[in-house]
Novice: 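Sharing a structure here in structure tokens format.
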Amino acid sequence: MERKDKRKIKITGTGFYVPDKVLTNFDLEKMVNTSDEWIFTRTGIKERRIASKDQATSDLAIEASKLTLKDAGLKVKDIDLIITATSTPDTIFPSTACWIQKGLGADIIPAFDISAGCTGFLYGMILAESMILNGQHKRILLVGGEALTKVTNWKNRNTCILFGDAAGAAILEESHDDSGMLSYYWKADGNLGDLLYQPAGGTRIPASTQSLAQDLHCLQMKGNEVFKHAVKRMEEAALEVLERAGLKKEDIDFLIPHQANKRIIEAIGRRLRVPPEKVYSNIHKYGNVSVASIPICLHELSQEGKLKKGDIVLMDAFGAGFTWAAVTYRW
Ligand code: COA
């Protein structure tokens, strides 16, 4: 929503971490019936990172969080809430946020996870805004981490080419200048949940020898269907969030779409009439890293010196649930 009182939250630090191991399209050619050419033309992906056997989501998120605190010039004792967005938690319980709290050596502060598929980072920003502007928290660590390759079916070429592992984070605080989050829009439609999901391992289909034999602990997706909904909903979210901020398409200096597929990214750019050089994409390097994709884009853009003070950034995401959300932000 557009806030009446004009108070805003802002990002005071960003950072990300990706595991060392690179899996290229050529590596995948040796694993399933696919080709570098098919993967690149259909998705824009060239390679992705793979967490090691002993790296869980929190391990990636802890590294990203440390770099983010450093970027913000803060110590871990300076944060008063940890929100983690993930669909691939270390454990169903406790939350990954609690494992991150332990790993960072954070104070005894609240820590919890949100599950909103690839939209989780924007859901986290929206949630953080109300917690900060309500005066409940001053400085929030929002970290999106994902080890999707641990729930990937490496025999299924429809899905195994798409995902990678990574974590990205941001520190959020109240803004005392012009910069910050201007408007948001968030939605979900649980009717379409089974177009992209991990069927087993929860209470619907608890782990059993049968669930393992049927690969039900791996991500399943109807890619074609997801594609169509993603383009439609991301356009809807972008238009709504612009209107709520009193902005026009031409005001966008940078569009940061969730990095799910280069063709989705380009379609959103075309629909919003944002020129390609203003549509940020790094999918070739990391694949779809779900909740980590937007904070990684933000960090890269700011590190590359491309983001100037006052620039209008539109972040736009879509994911399992289905969930979708967008945020306008003045840098
Ligand atoms: N290598 C070679 N061929 C492949 C392949 C692969 N890795 N994966 C699928 N194919 C084949 C299919 O079997 C199909 O063959 P057929 O026509 O003989 O049946 C053909 O390519 C087309 O498949 P289709 O699924 O229609 O391709 P697509 O153009 O929709 O691309 C995705 C598939 C998954 C890349 C695309 O649908 C996508 O990116 N969807 C969105 C995914 C997404 O965003 N998910 C996360 C949301 S956060």
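Everything numeric here is computed off the predicted structure, so don't read it as measured data. Numbering of ligands and ligand atoms starts at 1, following listing order.
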Novice: For the pair Glu146 (side chain) and Thr88 (backbone), establish whether a donor and an acceptor sit closer than 3.5 Å, ignoring hydrogens and angles.
Specialist: yes
Novice: Run the salt-bridge test on Asp177 and Lys10 with the 4.0 Å N-O cut-off and return the result as yes or no.
Specialist: yes
Novice: Using a threshold of 4.0 angstrom between heavy atoms of the protein and any atom of ligand 1, which residues qualify?
Specialist: Asn33, Thr34, Trp38, Arg42, Thr43, Cys118, Arg157, Asn158, Ile161, Leu162, Leu196, Met221, Gly223, Asn224, Val226, Phe227, His258, Ala260, Asn261, Arg263, Ile264, Asn288, Phe318, Gly319
Novice: Quick one: list whatever passes ring-ring contact (aromatic ring centres under 6.0 Å, His included) with Phe322, sequence neighbours left out.
Specialist: His229, Phe318
Novice: Determine which pairs satisfy salt bridge (charged side-chain N to carboxylate O under 4.0 Å, His left out) with at least one residue from residues 210-226, sequence neighbours left out, and list them in order.
Specialist: Lys155-Asp215, Glu225-Lys228
Novice: Any chance you could measure Thr149, atom OG1, to Leu219, atom CG, to the nearest 0.5 Å?
Specialist: 11.5 Å
Novice: Run the side-chain donor-acceptor check on residues 66-76: report pairs under 3.5 Å with partners two or more places apart or on a different chain.
Specialist:
unit_1: Thr68; atom_1: OG1; unit_2: Gly15; atom_2: N; d: 3.0
unit_1: Thr68; atom_1: OG1; unit_2: Ala64; atom_2: O; d: 2.7
unit_1: Asp71; atom_1: OD2; unit_2: Thr14; atom_2: N; d: 2.8

